[in-house]
Amino acid sequence: TQRGELAVFPDAAAVADEAARRFVALAQAAIAERGRFTVALSGGSTPRAMHERLAAPPLSTAIDWERVFVYWGDERMVPPDDADSSYRMARDTLLAHVPIPAANIVPAPTVGGTPADAARAYAETLVAQFGQDVPEFDLILLGIGPDGHTASLFPGQPEPSAPSADLVVAVHDSPKPPPDRISFTYRLINAAHNIMFVVTGADKAEALNGVLHGPPNRAHLPAQGVQPTAGSLLWLVDRAAAQALGAS
Ligand code: 6PG
């Protein structure tokens with residue numbers, strides 16, 4: 001199975017430096033090749049440090065933001081100005097600080113409907129904007145939880161990526177609050193050209209070892225289900241998160 005490339009850095013700041021550098025490089029390459037860069041951000045706290053680096057010179061001026069299109073690999077079903085909103089975290093730490101046109105920012109529709117409504121609407125938006133039945137993102141950024149979840153795909157929840165056409169699913173009882181979310185499925189995630197996990201902190205060490213070195217069991221460790229069909233898979237981790245990996 002595709003486990004991808006692992007790069008271990010001394011601390012979270014060094015991981016954020018590398019993640020921001022790789023983001024810029026992928027953006028410049030995609031824009032040079034196809035005139036646009038499509039990226040799905042993740043939520044939680046880890047991405048903040050990478051966002052802050054991208055929001056300030058020299059990196060903020062290294063990207064043609066007019067050609068960057070931002071989505072979310074998962075989102076909480078809260079209003080966009082809610083403290084729990086992943087959109088709001090990205091706006092506050094990155095998007096408000098760079099000249100990206102508002103039309104290039106495409107959050108999930110988290111108000112006015114059920115999680116199922118939002119999942120269906122977001123999937124339709126993605127298919128329409130990418131012009132592909134299974135949109136191929138240039139980059140999907142992911143984290144993992146201490147339980148091995150990624151995006152909003154949690155252990156023990158119904159397998160969200162049945163062979164059906166599902167690209168985005170509703171999640172109703174996330175063990176990580178808030179409970180109602182939507183999430184990209186493995187089918188959509190694994191179609192990406194590049195997938196980058198950013199993982200820091202000792203509390204992720206056991207999950208990271210299980211995902212990378214444990215027996216395949218994505219129902220138990222959902223991040224194991226991330227295996228790009230044709231794209232690249234990169235794990236950027238700090239020593240604290242890598243401490244259970246043994247001699248690597
Ligand atoms: C979310 C994220 C989730 C996150 C992990 C890691 O909605 O919170 O999509 O998958 O990436 O839980 O979160 P931290 O970065 O806060 O450790």
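All ligand and atom numbering here is 1-based and tracks the order in the structure.
Distance from atom 1 (C) of ligand 1 to its nearest protein heavy atom, with residue and atom name: Arg76 NH2, 3.3 Å. Protein heavy atom closest to atom 9 (O) of ligand 1, with residue, atom name and distance, is Asp74 OD2, 2.6 Å. Residue, atom and distance of the protein heavy atom nearest to atom 15 (O) of ligand 1 are Thr46 OG1, 2.6 Å.
Looking at Ile144 against ligand 1, only its backbone comes within 4.0 Å, counting heavy atoms.
Annotation: Phe37 is in aromatic contact with Phe23 [ring centroid separation under 6.0 Å]. Taking the six-membered ring wherever Trp is involved, the centroid distance between the rings of Phe137 and Phe184 falls below 6.0 Å.
With sequence neighbours left out, Ile100 forms a side chain to side chain contact (heavy atoms under 4.5 Å, CB included) with Trp65, Val68, Val70, Leu95, Val98, Asn104, Ile105. Qualifying ring pair (Phe, Tyr, Trp, His ring centres under 6.0 Å) partners for His149, counting only residues two or more places apart in sequence or in other chains: Phe154.
For His220, the NE2 atom sits in a loose shell: 12 or fewer heavy atoms of surrounding residues, nucleotides or ligands are nearer than 6.0 Å. Arg67 CZ: 12 or fewer foreign heavy atoms inside a 6.0 Å radius.
A salt bridge links Arg53 with Asp17: the closest approach of a Lys/Arg side-chain nitrogen to an acidic carboxylate oxygen falls below 4.0 angstrom.
For atom 8 (O) of ligand 1, the choice among Arg181, Lys176, Glu75 with the nearest heavy atom turns out to be Lys176.
Atoms of ligand 1 lying under 4.0 Å from any heavy atom of His149, numbered from 1 in the order shown and given with element: 3 (C), 5 (C), 10 (O), 12 (O). Atoms of ligand 1 found under 4.0 Å from any heavy atom of Gly143, numbered from 1 in the order shown, are 11 (O).
Checked against a 3.5 angstrom limit, the closest N/O atoms of Ser42 and ligand 1 fall outside it. Looking at ligand 1, you'll find an N or O of Lys204 within less than 3.5 Å of one of its N or O atoms. Where the criterion is an N or O separation shorter than 3.5 Å, residue side chain and backbone included, Ala151 meets it with respect to ligand 1. Ligand 1 has no N or O atom lying under 3.5 Å from any N or O atom of Ser86, backbone or side chain.
In this structure, a donor-acceptor pair under 3.5 Å is present between the side chains of Ser86 and Arg76.
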